[in-house]
Amino acid sequence: MATSQQPHDPVVTGRVGAPADAVGGTDGAAPDVGDGSAGRTAAAAPSPWAVVGPKMLHWLFFGVGFGVLPIGLGYVMNSFTHRGVSLSEILSRGELLIVTTSLAAAAAGQIITRSGSGLRNIVGFLAFSNIAMACVTAGLFAFVTSAPQMSQKLDEGSVTGSSLVLFFATFVTAGASTFIAEWEQA
């Protein structure tokens, strides 16, 4: 009775009568071990989370991060001046509304042209929300930038507050749209 397994042992090779160094043969097929796994590849498909997670991080970094970068840099550079500018003053100019319009429009396009066919009610809501948000923020930006030419004084706090609320609402709907579109492709 031998204590070590021999190269021709089916437990070692996966084939009856095959030498241990010829596992899988020359055809590249998976060994037939009699458990129904013949022809299956050893590597399983990646989890949808493994695919969607990095894509969401890319959207967050490139879509959102670079979108608000000019506003952040403007605030930092203005803080070095002797006068200094508050974040509220920068946001009251309407630049965040431009970023929000772009984010919402891109998300609307992505959710409308996605390849999946499920979640019709949620997708319809997100598409409508993103289109509405893009229209509202574009209109509000036009109003904010045209107010000085019409000698109208806008409340800085109202514009800042509206910009932030609309941005964060769009962040949620655009993020959900991106997530659904990427999940269905994964």
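- Judged as a side-chain contact (heavy atoms from CB on, under 4.5 Å), and not counting sequence neighbours, P70 has no contacts.
- Within the structure, salt bridge (charged side-chain N to carboxylate O under 4.0 Å, His left out) contacts touching residues 116-131 (residues at least two apart or in different chains) do not occur.
- Judged as a side-chain hydrogen bond (donor to acceptor under 3.5 Å, both in side chains), not a single pair has a partner in residues 139-150 (not counting sequence neighbours).
- When hydrophobic clusters are built by joining Ile, Leu, Val, Met, Phe, Trp and Tyr residues whose side-chain heavy atoms come closer than 4.5 Å, directly or via intermediates, M133 is grouped together with V159.
- For F62, the side-chain contact (heavy atoms from CB on, under 4.5 Å) partners two or more places apart in sequence, or in a different chain, are H58, F66.
- Under a hydrophobic-cluster definition in which Ile, Leu, Val, Met, Phe, Trp and Tyr are linked whenever side-chain heavy atoms come within less than 4.5 Å, directly or via other members, V136 and V144 are assigned to the same cluster.
- V68 is connected to L164 through a chain of hydrophobic side-chain contacts under 4.5 Å among Ile, Leu, Val, Met, Phe, Trp and Tyr, so both are in one cluster.
- Interatomic distance, CG of N130 versus CZ of F125, reported as 9.0 Å (0.5 Å rounding).
- In this structure, V165 shares a hydrophobic cluster with no other residue, the cluster being traced through Ile, Leu, Val, Met, Phe, Trp and Tyr side chains under 4.5 angstrom apart.
- Looking at residues two or more places apart in sequence or on another chain, you find a ring pair (Phe, Tyr, Trp, His ring centres under 6.0 Å) between W183 and W49, F179.
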- Query: Taking it one step at a time, do L60 and F171 satisfy side chain to side chain contact (heavy atoms under 4.5 Å, CB included)?
  - Reply: CA-CA 9 Å; L60 185 64; F171 178 81; 3.5 Å; yes
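- Of all non-hydrogen atoms in A50 and P54, the two that sit nearest each other are O-CD, 3.1 Å.
- Residues passing the side-chain contact (heavy atoms from CB on, under 4.5 Å) test with S162 are L140, sequence neighbours excluded.
- V52 is connected to W59 through a chain of hydrophobic side-chain contacts under 4.5 Å among Ile, Leu, Val, Met, Phe, Trp and Tyr, so both are in one cluster.
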Donor-acceptor list for residues 71-78 side chains, cut-off 3.5 Å, not counting sequence neighbours:
unit_1 : atom_1 : unit_2 : atom_2 : d
N78    : ND2    : G74    : O      : 3.0

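- Within a 6.0 Å radius of CG in D155, more than 12 heavy atoms belonging to other residues, nucleotides or ligands are found.
- Sequence neighbours left out, the pairs with a member in residues 170-186 that pass salt bridge (charged side-chain N to carboxylate O under 4.0 Å, His left out) are K55-E182, R114-E184.
- Listed for the T160 side chain is no donor-acceptor partner under 3.5 Å among the backbone atoms of G157.
- One distance of note links CD1 of I180 with CD1 of I111; it measures 5.0 Å at 0.5 Å rounding.
- Under the ring pair (Phe, Tyr, Trp, His ring centres under 6.0 Å) criterion, F141 pairs with no residue at all, not counting sequence neighbours.
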Give the table of side-chain donor-acceptor pairs shorter than 3.5 Å for residues 98-107, with sequence neighbours excluded, one pair per line with atom names and distance.
unit_1 : atom_1 : unit_2 : atom_2 : d
T100   : OG1    : L96    : O      : 2.7
T101   : OG1    : L97    : O      : 2.8
T101   : OG1    : T137   : OG1    : 2.6
T101   : OG1    : A138   : N      : 3.3
S102   : OG     : I98    : O      : 3.2

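- Cluster partners of M150 are absent, since no Ile, Leu, Val, Met, Phe, Trp or Tyr has side-chain heavy atoms less than 4.5 Å from it.
- V123 and F128 are not part of a single hydrophobic cluster, where members link through side-chain heavy atoms under 4.5 Å apart.
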